[in-house]
S.K.: 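Let me give you the structure first, and then I'll get to my questions.
Please read all numbers here as calculations on a predicted model, not as lab measurements. Because only heavy atoms are used, hydrogens play no part in the values below, and waters and symmetry mates are left out as well, while side chains stay in.
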Amino acid sequence: MLFKSTLAALGALLSLLVASLAVAGDQVVIGDIDDLSGVYADATGQGAIEGANMAIADFGGSVLGKKIVLLTADHQNKPDIGASKFREWADQNGLNMLLGGSNTGVSIAMAKVAAAKKVPFFRGWGGRRVADRRRLHALHRALSV
């Protein structure tokens, strides 16, 4: 069930991303910064990465002739690590979209980076009430560029 919902969600996100592919470059870079080693790893760790890889494969591995690349990192449930990795990928790897969060503090830190870098951030289930408004604001600002 988790894989099916992950596949459906990533497929929908890729469809939304198609509209913003006027950016330079020959690949679409999707990042997933999540808990791969801590208390949320069973819910959002390797299974989420595998689900994203399956969705990319189902999508054909490319969109509009651009190869889809998935970057992954463990935020270790530390907001500074999540935000730092997000910032690094946005600045150095041409990040087009970020998935992840799984922790309220990390989600809030990454939502702030999303707003500053104008990169869409789709957060998992962490920090639902607190992060939703910031995430929606970050997404609105990123897509209205």
S.K.: Taking side chain to side chain donor-acceptor pair (under 3.5 Å) as the definition, give me every residue that meets it alongside D74, ordered by chain and number, with sequence neighbours left out.
M.R.: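 Partners of D74 by the side chain to side chain donor-acceptor pair (under 3.5 Å) criterion, ordered by chain and then number, come out as S37.
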S.K.: If I compare all heavy atoms of L70 with all of I56, which pair ends up nearest, and what's the gap?
M.R.: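 That closest heavy-atom pairing would be CB-CD1, 3.8 Å.
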S.K.: For G38 and N77, work out which heavy atoms get closest and say how close.
M.R.: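 For G38 and N77, the tightest heavy-atom pair comes out as CA-ND2, 4.0 Å.
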S.K.: Just wondering, do I30 and M97 contact through their side chains at under 4.5 Å, heavy atoms?
M.R.: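 Side-chain contact under 4.5 Å: yes.
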S.K.: Shortest non-hydrogen contact from P120 to N96?
M.R.: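 P120 and N96 have their closest heavy atoms at CD-O, 3.3 Å.
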S.K.: Is there a continuous path of hydrophobic side-chain contacts, each under 4.5 Å between heavy atoms, that joins I49 to V28?
M.R.: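 They do share one cluster, since a chain of ILVMFWY contacts under 4.5 Å joins I49 to V28.
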S.K.: If you measure from NE2 on H75 to OH on Y40, what distance do you get to the nearest 0.5 Å?
M.R.: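 Atom-to-atom, H75:NE2 and Y40:OH are 9.0 Å apart.
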S.K.: Can you name the side chain to side chain donor-acceptor pair (under 3.5 Å) partners of D32, sequence neighbours left out?
M.R.: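 Listed in chain order: nothing, the list is empty.
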S.K.: Within this structure, what is the CZ-CG distance for the pair F122 and L99, rounded to the nearest 0.5 Å?
M.R.: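 Taking CZ in F122 and CG in L99, the distance rounds to 8.0 Å.
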S.K.: Roughly how far, to the nearest 0.5 Å, is the NZ atom of K78 from the CG atom of D35?
M.R.: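 D35 CG to K78 NZ: 11.5 Å, rounded to 0.5 Å.
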S.K.: Got K117 and D91 here, is their nearest side-chain heavy-atom distance under 4.5 Å?
M.R.: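 Sidechains of D91 and K117: in contact.
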S.K.: Checking side chain to side chain contact (heavy atoms under 4.5 Å, CB included) against Q76, which of L36, I81, V106 comes through?
M.R.: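 Checked L36, I81, V106 against Q76; only one passes side chain to side chain contact (heavy atoms under 4.5 Å, CB included): I81.
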S.K.: Quick check for you: to the nearest 0.5 Å, what is the distance between L98 atom CG and M110 atom CE?
M.R.: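 Rounded to the nearest 0.5 Å, the CG-CE separation comes to 5.0 Å.
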S.K.: Would you say F121 and V113 make side-chain contact, with heavy atoms under 4.5 Å?
M.R.: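 No. Closest side-chain heavy atoms not under 4.5 Å.
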S.K.: Looking at CG of N93 and CD of Q27, how far apart are the two atoms once the value is rounded to the nearest 0.5 Å?
M.R.: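 Atom-to-atom, N93:CG and Q27:CD are 8.5 Å apart.
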